[in-house]
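Let me begin by presenting the structure, written as structure tokens, before commenting on it.
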Amino acid sequence: MNYEAVIGLEIHCQLKTKTKIFCSDPYEFGAPANTLAGPVTLGLPGCLPVLNEKVLEMAIMAGLALNCNIARITKFDRKHYFYPDLPKGYQISQYDRPYATNGYVEVKKPDNQTIKVRIHRIHMEEDAGKLLHSSYGGETVSFVDLNRAGVPLLEIVTEPDLRSSEDAWYFLQTLRGIIRALGISEANMEEGSLRCDANVSVRKPGGPLGTRVEIKNLNSFKAVRNAIDYEIERQISVLESGGTIIQSTVLWDADRKETRLMRTKEDAEDYRYFPEPDLPVFEISPELVESIKNKMPELPDQKRDRYIKEYHLPEYDATVLSREMEIAHYFEETVKYSGDPKKSSNWVKDEVLGIINKRDISITQFECTPKRLGTIIKLLNEGKITQRIAKQVFEHVYEENLDPEEVIEKYGYKPVDSSNLKEIVDKIFEKFPEQVQQILNGKDKVKGFLVGQIMKETRGQAPPQEVNKLIDEKIQSLKK
Ligand code: ADP
Ligand code: MG
């Protein structure tokens, strides 16, 4: 029997503000433990939270970018839980009046298929601190670092619109691209500024939704894919052997590649939500929304459309180059120096991305900077180097961290000019009279042999079009 997977994601995104969501404690990743925790963070009696204006602004930006309705009236609520890393004993979150609802994201897959993922809601909330479990003096102990407590988060909840781990992966990539383009978060899964919980169920196609299992602790793109695939398989085998799925929350163990039960179903009522009395219900004015709309940066989709229109790139190339802000920036800078969008696109897509992925570095760390790559392409277009030499120059540039001009000087990649080339063509014609005769007799294929000899003679530096042209001219003149 075939099953269909149904997946919905809950994503937490840490906002890049200078201070926390409800107080003026600064936040910096990696600061010494418990140095960024003032009275509000510590939950001292009598301290009152005040909403950070910047958080609201960034939140609205995200809401607009994800095509959500921005609520006119919104409020905060207390979510109760035993939080050893949140001293108040409750988290300030939003329950029944989230600030943004009913959005969607269009996800372009490499096969040019588009999937539309609906956004159920987005709300603002505070992060908890960090617990560190360790041993001390032979005993198992836990430490708490409250620096992160009170850092602003957006929780983005999708509708269960995804049908495979691959869809989830592309959705997250797209979402990360949008968030980074907005400049509101580092959105880095490995560093925890983008966190994702995956809700997974399976069903017979077209049937009612199955019972879902929520997977937590997914801290890389790979983990998201592996965990979802594992859970789909597990649920199918439970159902096939006559069992039932129990609604539960599980933890992904990336080392053992399996999920572990954390708790069975918890419901909203377990959290004893109630309106936060210290923060009044407030209104988001249409003027504020409008002013934020007017200062939104260009989003990946808009970039993509611009690349297609302005640069005449194929749809797929435009998608790949626009999805990540840093890659888009690299590409556009390269075009500035090369003056050739199509060739720049090919080089970035086929050469640069492959190398940085293999080396697992960011494009901003790549030694062949846009200026260097743009220069290589320009030299190529000017006929100063051939395609083959361009590849070699490119390799030397990033391996030795040199400018293209320096590489050309160092390795003696001298441009072959036409007068020079003409002599070489004459020489090769003299050296291989038999082959020349064959061509004169109509065996056109033999031309390739002569081209090869000329390339060899010039160490691959002759422009092939020029070589072909010279050979044709010489054959014509011999025919007369
Ligand atoms: P809760 O608020 O209790 O966590 P929600 O109904 O808000 O539950 O759903 C949370 C997430 O689970 C959402 O991303 C939603 O898309 C997803 N989800 C809901 N039902 C299913 C299901 N049957 N299968 C997979 N995902 C689901
Ligand atoms: Mg939930």
Side-chain angles (χ1 to χ4, degrees), residues 2-13 62-63 66-69 71 76-81 90-105 107 115-125 153-172 174-176 194-218 224-225 227-236 238-239 243-252 259 261-274:
N2 279 333
Y3 287 87
E4 178 184 58
V6 174
I7 302 151
L9 302 178
E10 292 169 75
I11 296 116
H12 285 90
C13 166
L66 304 183
N67 305 297
C68 291
N69 296 327
F76 286 97
D77 301 273
R78 292 185 178 182
K79 183 182 184 182
H80 296 85
Y81 203 75
Y90 56 85
Q91 176 193 31
I92 305 179
S93 180
Q94 298 197 278
Y95 180 49
D96 56 345
R97 310 284 306 245
Y99 83 92
T101 52
N102 292 325
Y104 65 89
V105 177
V107 180
I115 47 174
K116 189 168 173 176
V117 181
R118 289 168 303 154
I119 302 294
H120 177 59
R121 60 182 278 166
I122 315 178
H123 66 254
M124 297 172 268
E125 62 185 24
L153 297 178
L154 291 184
E155 178 171 335
I156 303 167
V157 183
T158 77
E159 295 291 347
D161 287 347
L162 300 156
R163 294 290 173 268
S164 67
S165 65
E166 195 193 42
D167 282 3
W169 193 86
Y170 284 115
F171 168 77
L172 274 178
T174 306
L175 182 68
R176 184 178 68 173
L194 189 72
R195 290 169 239 159
C196 170
D197 303 334
N199 294 270
V200 178
S201 66
V202 299
R203 65 171 173 186
K204 296 282 165 58
L209 286 180
T211 304
R212 70 189 162 99
V213 167
E214 180 171 349
I215 316 171
K216 296 212 172 272
N217 207 23
L218 300 174
V224 170
R225 263 187 113 131
I228 291 174
D229 283 336
Y230 171 89
E231 186 57 27
I232 293 170
E233 284 306 309
R234 191 192 68 83
Q235 291 186 15
I236 292 174
V238 167
L239 294 176
T244 47
I245 305 297
I246 299 163
Q247 188 178 330
S248 54
T249 302
V250 300
L251 282 181
W252 174 245
T259 49
L261 182 68
M262 192 175 154
R263 55 179 180 252
T264 49
K265 180 175 164 48
E266 91 269 0
D267 270 324
E269 44 282 17
D270 298 335
Y271 291 117
R272 289 307 192 241
Y273 278 104
F274 76 79

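In listed order, ligands and their atoms are each counted from 1.
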- Query: With a 3.5 Å cut-off and no angle check, do the side chains of H80 and R78 form a donor-acceptor pair?
  - Reply: no
request  = Compute the shortest N/O to N/O distance between L209 and ligand 1 and return yes if it is under 3.5 Å, no if not.
outcome  = no
Evaluate T158 for polar contact with ligand 1, using N/O atom pairs at a separation under 3.5 Å.
yes
Given 3.5 Å as the limit, does a donor-acceptor pair link the side chain of [X] with the main chain of [Y], or not?
| X | Y | answer |
| --- | --- | --- |
| S93 | Q91 | no |
| Q94 | H123 | no |
| D161 | R118 | yes |

One should read off an interatomic distance between L194 CG and I156 CD1, to the nearest 0.5 angstrom, of 7.5 Å
### Message
In the structure I gave you, are the side-chain heavy atoms of I215 and T259 within less than 4.5 Å of one another anywhere?
### Response
yes
Suppose I only count heavy atoms of [X] and a 4.0 Å limit; which atoms of ligand 1 are within that range?
| X | result |
| --- | --- |
| V6 | 24 (N), 25 (C) |
| P160 | 16 (O), 26 (N), 27 (C) |
| E159 | 16 (O) |
| V157 | 13 (C), 14 (O) |
| G210 | 23 (N) |

Of G8, A5, S201, the one whose closest heavy atom lies nearest atom 22 (C) of ligand 1 is S201
Judged by heavy atoms only, the candidate from Q247, R212, R121 nearest atom 1 (P) of ligand 1 is R212
Record the part of [X] in heavy-atom contact with ligand 1 below 4.0 Å; permitted values are side chain, backbone, both and neither.
| X | value |
| --- | --- |
| N199 | both |
| L9 | backbone |
| H120 | neither |

Smallest heavy-atom separation, N217 atom then W252 atom, equals ND2-O, 3.4 Å
*Give the ring-plane orientation class for Y81 versus Y271, where under 30° counts as parallel, over 60° as perpendicular and anything between as tilted.*
tilted
